[in-house]
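As the structure lists them, so they are numbered: ligands from 1, and atoms in each ligand from 1.
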Amino acid sequence: MLSTLRNIVQEVNSARDLQEALDIIVSRVQAAMNTEVCSVYLLDPETNRYILMATEGLYKKAVGKVSLAHSEGLIGLVGSREEPINLEDAPAHPRYRYFAETGEERFRSFLGVPIIHHRRVLGVLVVQQRESSRCFDEGEEAFLVTVSAQLAGVIAHSEATGAISGLSLTGQEARDVSFKGVAGAPGVAIGEGVVIYPPADLDAVPEKQTEDIQQELALFGEAVTAVREDIDRVSERLASQLRPEELALFEVYLRMLDDNALPGEVVSRIEGGLWAQGALKQVVNQYVRHFELMGDLYLRERAVDIRDLGRRLLAHLQAGDHQDVVYPERTVLVSEELTPAMLGEVPRGSLVGLVSVRGSGNSHVAILARAMGVPTVMGMVDIPVNQLDGKELIVDGFEGQLFASPSAELRAFYQEIYDEEAALFRGLEKLRDLPCETTDGHRVSLLVNTGLMTDVVRSLSHGAEGIGLYRTEVPFMIKERFPSEQEQREYYREQLEAFAPNPVTMRTLDIGGDKSLSYFPISEENPFLGWRGIRVTLDHPEIFLVQVRAMLKASEGLNNLQIMLPMISNISEVEESLHLIYRVYHEVREEGYDIHMPKVGVMVEIPAAVYQVRELADRVDFLSVGSNDLTQYLLAVDRNNPRVAQLYHSYHPAVLQALVRIAHDAHSVGKPVSICGELAGDPGGAVLLMAMGYDALSMNAASLPKVKSVIRSISQEWAAQLLEDVLLLDSPHVIKSCVELALRGAGFGRYLRPGKAASDTLSQNS
Ligand code: PEP
Ligand code: MG
């Protein structure tokens with residue numbers, strides 16, 4: 001059964017479109033289960049009806065015509081109960097409803113299973129049989145459930161692909177369908193999609209039309225010649241080491257490259273208007289599917305060769321494709337996995353929005369995007385990335401939604417929100433030089449989180465009082481090797497100088513988890529629980545010592561440096577780090593630098609540290625809470641995984657209780673405590689943290705004016721009451737609503753989400 005299932009899934013996965021996928025499903029399942037009927041009904045979100053989309057066994061002419069209301073018949077029952085229904089005598093069931101046009105009155109046994117993707121019912125998969133004596137057994141039921149679970153993702157993906165061309169799952173017209181992801185960085189962007197795809201990856205190749213068929217043909221011809229030569233060369237080199245039957249493999253490769261084989265088909269697709277890479281992708285997929293279905297093991301293995309050949313041709317095509325990416329004036333960058341380096345490629349001022357399939361709002365690239373003020377959606381898992389190139393896109397970074405090819409009304413709607421945001425920021429500029437103080441005189445420091453030099457410029461113009469977190473890994477991530485001491489010294493000096501005499505808190509290298517350096521790969525099963533932050537740098541003192549030395553030298557004459565240690569889970573890690581910092585301090589002074597010993601602090605971002613705040617605080621000068629990781633580790637929710645993004649909640653009562661405890665325990669031993677996680681930049685979160693007694697809030701520059709505006713308009717007493725109220729609540733959602741209600745009541749509704757919620761008026765996908 002397993003191999004049958006694998007074959008079906010493989011075949012469906014490489015179908016050209018949804019209809020082909022559904023036809024494959026019904027015919028293969030019918031054969032595998034040896035039943036008379038197999039049909040798929042899909043739920044049309046527009047009409048809320050189940051439509052017969054494919055069948056093997058019922059009348060084909062009923063496809064697309066027969067439909068049932070959402071709760072009608074046995075199909076509706078399967079959908080609404082969200083579980084299989086297995087009946088020996090379906091017509092006897094009170095919910096049975098028959099359609100003469102399908103010819104189904106002849107069938108008695110019925111087994112229907114729902115097709116569910118991310119909690120949403122997409123349709124129902126049904127098998128039927130004429131004899132009443134057949135009751136589908138448990139094994140068959142389990143098989144159908146497995147097929148349906150595996151296919152749900154493929155169907156959801158097809159749905160998204162259709163939606164880009166304005167079609168619903170059932171082929172009806174769909175306007176302004178939104179794709180749902182996770183909010184990454186707030187704001188709205190209207191621009192043109194530019195898809196960045198990894199090299200030599202056929203699956204990632206976008207399907208584009210070409211305007212220059214001759215050029216594409218020439219490129220492809222050159223690629224075929226180059227691959228033929230490569231294969232000849234390799235086969236000659238190995239001739240003395242391989243047996244003749246092994247060498248024959250190269251012959252097979254060369255035969256596949258004959259003009260009338262694979263290349264011939266690619267050429268005809270290019271002549272039809274496709275660009276060479278897209279044509280190659282389609283033909284290779286078709287061949288692979290064909291070979292994978294072969295019963296003979298040897299022939300099945302040839303699918304691997306075709307894929308390999310496809311990759312080789314693609315690599316040559318991409319090498320010959322010297323057209324640099326053209327970034328339009330309003331670029332929305334789209335990628336399977338965005339990296340900080342990709343952001344850096346786009347010319348300054350042209351990047352208006354970001355879309356990433358992987359990651360979530362707490363991924364580091366999203367944090368970077370927030371710092372840069374670029375509206376971003378993450379975790380767009382079902383979006384067909386390679387269809388978005390050149391399309392007009394709207395990124396709604398407040399709600400985590402994306403729209404492709406929007407209507408004029410939708411564009412106007414979002415333009416209004418965009419203008420409102422811009423006006424709001426202009427209005428906040430006047431707060432720049434005013435203190436962050438409540439109406440009853442309670443003062444709290446507002447600091448910024450930085451990584452790039454652009455953040456520093458923005459932070460100064462937003463009135464930050466210092467840097468609460470400089471993520472030193474950012475300059476490491478955009479290089480191709482570890483930066484030298486001198487290079488680091490220059491980066492650090494820029495940050496220190498920009499804010500002197502105000503404090504600049506530099507965190508020692510925090511790599512691992514989702515922050516990787518291309519030149520220092522770390523591959524682990526559980527990266528967030530593995531070799532991360534201080535664990536890496538204490539194991540590599542040569543990296544740590546050079547970094548601290550560069551920081552200390554950079555601080556000469558400014559003396560506003562503070563050093564902060566990430567991912568501390570043990571007292572011994574603090575002691576070892578302090579020992580190394582003192583050592584470097586003395587050495588640098590001995591070299592003649594006139595420097596002061598910087599304040600050293602620890603990040604509280606692991607539950608163990610929450611319970612040792614006093615012991616940690618006794619050993620250092622300050623503490624700073626990393627609420628992003630603290631939330632992840634307290635709730636056991638990977639901050640980077642869009643599947644569980646809805647469980648990641650910094651307003652969770654357990655997180656709030658931990659935050660209260662940290663502030664209390666740090667103050668009880670006389671040490672200051674700040675917070676540098678994203679919660680500090682959330683206006684509601686900032687109010688609660690201030691009420692908890694946090695001395696400083698460090699956030700991305702874009703959030704700072706809003707937070708200052710809220711704090712300057714409320715009293716500490718009001719904030720304390722709100723905190724007292726929410727600490728009695730037990731649900732993160734209720735707490736969030738309660739805080740938002742209070743802020744709206746105080747006149748800050750516009751900071752929560754400008755404009756009217758888009759979801760009020762628009763249809764939604766996934
Ligand atoms: C945090 O974990 O809250 C934090 C500020 O650090 P980072 O997001 O860089 O892990
Ligand atoms: Mg952290």
Q | No-hydrogen, no-angle side-chain donor-acceptor test under 3.5 Å, Ser698 and Ser674 | A | no

If you measure only the distance, is there a donor-acceptor pair under 3.5 Å linking the side chains of Asp682 and Tyr651?
-> yes

message = In terms of relative ring orientation, are Phe425 and His462 parallel, tilted or perpendicular, with 30° and 60° separating the classes?
response = perpendicular

Side chains of Gln495 and Thr450 only: does a donor on one sit below 3.5 Å from an acceptor on the other? yes

Mind listing the side-chain donor-acceptor pairs of residues 468-477 below 3.5 Å, one per line with the distance, residues two or more places apart or on another chain?
unit_1	atom_1	unit_2	atom_2	d
Thr472	OG1	Arg507	O	2.7
Thr472	OG1	Gln547	NE2	2.9
Glu473	OE1	Asp510	N	3.2
Glu473	OE2	Arg507	NH2	2.5
Glu473	OE2	Lys515	NZ	3.0

Those residues at least two apart in sequence (or on a different chain) that pass side-chain contact (heavy atoms from CB on, under 4.5 Å) with Leu741 are none

Inset, instruction - Compute whether any side-chain donor of one residue and acceptor of the other, for Tyr492 and Gln488, lie under 3.5 angstrom apart. - result: yes

Near the Mg ion (ligand 2), meaning under 2.8 Å, the protein N/O/S atoms are Glu605 OE1, Asp629 OD2

Original post:
Would you call Glu556-Arg489 a salt bridge at under 4.0 Å N-O?
Top reply: no

Is a donor from one side chain sitting under 3.5 angstrom from an acceptor on the other, for Arg614 and Ser668? yes

Contact set, ligand 1, heavy-atom distance under 4.0 Å, ordered by chain/number, equals His364, Ile367, Leu469, Arg471, Arg507, Asp510, Lys515, Arg532, Met603, Glu605, Gly626, Ser627, Asn628, Asp629, Arg639, Cys676, Gly677

